[in-house]
Amino acid sequence: MNMELNQYTTRRPLEYVKGVPLIKYFADALGPLESFQALPDDLLINTYPKSGTTWVSQILDMIYQGGDLEKCNRAPIYIRVPFLELNDPGDPSGLETLKVTPSPRLIKSHLPLALLPQTLLDQKIKVVYVARNPKDVAVSYYHFHRMEKTHPEPGTWDSFLEKFMAGEVSSGAWYQREVIS
C-alpha cells in the first residue's frame with residue numbers, strides 16, 4: 001500500500017477547523033473548496049452524517065430525471081450527486097466532479113454552515129436539510145466508525161456515545177447544526 005493511500009486508511013485524530021472536528025480528508029478539502037463556484041440553480045443536500053443523505057439524494061435525482069430509472073442508473077450516486085468535501089486519494093474530489101457535472105447540479109455535504117463555501121450563500125441556492133432522530137444517528141454513526149478506518153477508533157458504545165453527545169466526532173455536535181435560511 002502506498003504511503004498516500006495509507007494516510008487515509010489509518011485511523012487518525014480529528015482535525016479542528018473553526019472549532020468543528022473533521023476527519024483528515026474532509027479538513028484537507030476545505031482549502032481547495034475556496035475556489036468552488038456555486039451556480040444559481042444548484043441544490044444543496046445538507047445533512048449531519050448518517051441522516052439519510054444517500055436516500056434523499058436518490059429521491060431528488062429521481063425527481064430531477066423525471067422519474068426515468070434509466071437516467072438515474074447513468075452513474076453511481078457519488079457521481080450524480082457529488083459530495084462537496086470528498087477528497088479520497090486516487091479518486092476525483094467532490095470539487096473535481098462538480099466541475100464536470102452539468103447544471104442543474106445536486107450537491108451533498110455534511111459541512112455545517114460555518115464551513116460551507118461562501119459562494120453557496122452568495123448564490124442563495126436552494127437547500128434541502130435533513131435531520132434524523134439523534135438516537136438513530138448515534139447508533140448508525142457508531143457502526144460506521146467501526147467500519148470506516150478514516151474515522152478515529154470509536155471505542156466502546158458508551159465511550160462513543162459520550163463523544164457524540166460532546167460533539168467530539170467528525171462534523172461536531174448534532175444539536176448545534178445551523179440551517180441556511
Side-chain angles (χ1 to χ4, degrees), residues 1-10 12 14-18 20-130 144 148-151 170-172 177-181:
M1 177 181 291
N2 71 35
M3 290 302 287
E4 182 181 335
L5 186 58
N6 189 35
Q7 76 173 345
Y8 287 91
T9 57
T10 302
R12 300 172 59 97
L14 296 172
E15 297 184 15
Y16 283 75
V17 180
K18 295 183 180 179
V20 178
L22 296 172
I23 58 172
K24 177 175 177 35
Y25 73 93
F26 287 1
D28 289 350
L30 294 181
L33 282 179
E34 291 177 18
S35 69
F36 171 66
Q37 290 300 308
L39 302 174
D41 59 356
D42 284 345
L43 185 143
L44 176 67
I45 302 162
N46 190 247
T47 65
Y48 190 85
K50 311 317 295 171
S51 294
T53 319
T54 301
W55 180 70
V56 171
S57 297
Q58 293 279 18
I59 291 169
L60 289 169
D61 185 53
M62 178 72 76
I63 292 168
Y64 272 46
Q65 301 309 319
D68 186 328
L69 286 174
E70 199 169 301
K71 288 182 182 177
C72 292
N73 288 327
R74 68 193 179 281
I77 193 67
Y78 62 89
I79 299 294
R80 293 180 283 136
V81 182
F83 189 9
L84 187 62
E85 61 268 25
L86 185 67
N87 190 29
D88 290 342
D91 292 324
S93 69
L95 182 60
E96 292 167 333
T97 303
L98 279 163
K99 286 179 181 176
V100 297
T101 301
S103 189
R105 304 180 299 185
L106 294 169
I107 305 165
K108 84 171 193 175
S109 178
H110 295 316
L111 295 174
L113 182 60
L115 298 181
L116 285 172
Q118 185 63 39
T119 183
L120 292 167
L121 305 175
D122 294 343
Q123 288 291 338
K124 298 181 180 176
I125 66 164
K126 291 180 181 172
V127 177
V128 173
Y129 181 80
V130 179
F144 186 75
E148 181 56 56
K149 305 299 186 217
T150 57
H151 288 265
S170 188
S171 292
R177 299 294 286 202
E178 311 91 349
V179 178
I180 299 171
S181 56

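What you see is a predicted model; the values in this text were computed from it and never measured.
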Taking the side chain from Thr97 and the backbone from Ile79, do they hold a donor-acceptor pair closer than 3.5 Å?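 Flag not set: sc Thr97 to bb Ile79 has no pair under 3.5 Å.
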
Is there a donor-acceptor pair under 3.5 Å between the side chain of Asn87 and the backbone N or O of Gly94? no

Check whether any side-chain heavy atom of [X] lies under 4.5 Å from a side-chain heavy atom of [Y], and answer yes or no.
X      : Y      : answer
Leu84  : Leu98  : yes
Tyr25  : Leu86  : yes
Val56  : Thr47  : no
Ile107 : Phe36  : yes
Thr119 : Glu34  : no
Leu113 : Leu121 : yes

With sequence neighbours left out, the residues meeting ring pair (Phe, Tyr, Trp, His ring centres under 6.0 Å) with Tyr16 are none

Residue pairs passing the salt bridge (charged side-chain N to carboxylate O under 4.0 Å, His left out) test with at least one member in residues 101-120, sequence neighbours excluded, are Asp42-Arg105

Which salt bridge (charged side-chain N to carboxylate O under 4.0 Å, His left out) pairs, counting each pair once, include a residue from residues 58-77, with sequence neighbours left out? Asp61-Arg74, Asp61-Arg80

Please enumerate all residues that pass side chain to side chain contact (heavy atoms under 4.5 Å, CB included) together with Val20, with sequence neighbours excluded.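 Side chain to side chain contact (heavy atoms under 4.5 Å, CB included) list for Val20, sorted by chain: Leu22, Pro112, Leu115.
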
Quick one: side chain to side chain contact (heavy atoms under 4.5 Å, CB included) partners of Tyr64, sequence neighbours excluded?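 Checked Tyr64 against side chain to side chain contact (heavy atoms under 4.5 Å, CB included); matches are Leu43, Pro104, Leu106.
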
Between [X] and [Y], what is the shortest heavy-atom contact and its length?
X     : Y      : answer
Pro32 : Leu95  : O-CD2, 3.3 Å
Lys18 : Ala114 : NZ-O, 3.5 Å
Leu14 : Ser170 : CD1-N, 3.8 Å

Roughly how far, to the nearest 0.5 Å, is [atom2] of [Y] from [atom1] of [X]?
X      : Y      : atom1 : atom2 : result
Ile63  : Cys72  : CD1   : SG    : 10.0 Å
Leu120 : Ile125 : CG    : CD1   : 4.5 Å
Gln58  : Ile45  : CD    : CD1   : 10.0 Å

With [X] via side-chain hydrogen bond (donor to acceptor under 3.5 Å, both in side chains) - residues at least two apart:
X      : value
Ser35  : none
Gln123 : none
Thr101 : none
Asp41  : Ser103

Before you tell me yes or no, could you show the steps for Asp88 and Thr150 under side-chain contact (heavy atoms from CB on, under 4.5 Å), namely the whole-Å CA-CA distance, both residues' side-chain angles and the distance that decides it to 0.1 Å? CA-CA 10 Å; Asp88 290 342; Thr150 57; 5.8 Å; no

side-chain hydrogen bond (donor to acceptor under 3.5 Å, both in side chains) with Glu85: which of Ser109, Ser171, Ser93?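 Looking at Ser109, Ser171, Ser93, the match for Glu85 under the side-chain hydrogen bond (donor to acceptor under 3.5 Å, both in side chains) is Ser109.
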
Dump the intermediate steps for side-chain contact (heavy atoms from CB on, under 4.5 Å) on Val128 and Leu60, then the final yes or no. CA-CA 10 Å; Val128 173; Leu60 289 169; 4.0 Å; yes

Using the ring pair (Phe, Tyr, Trp, His ring centres under 6.0 Å) rule, collect all pairs that involve residues 71-123, keeping only residues at least two apart or in two chains.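 The answer is Phe26-Phe83, Phe83-His110.
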
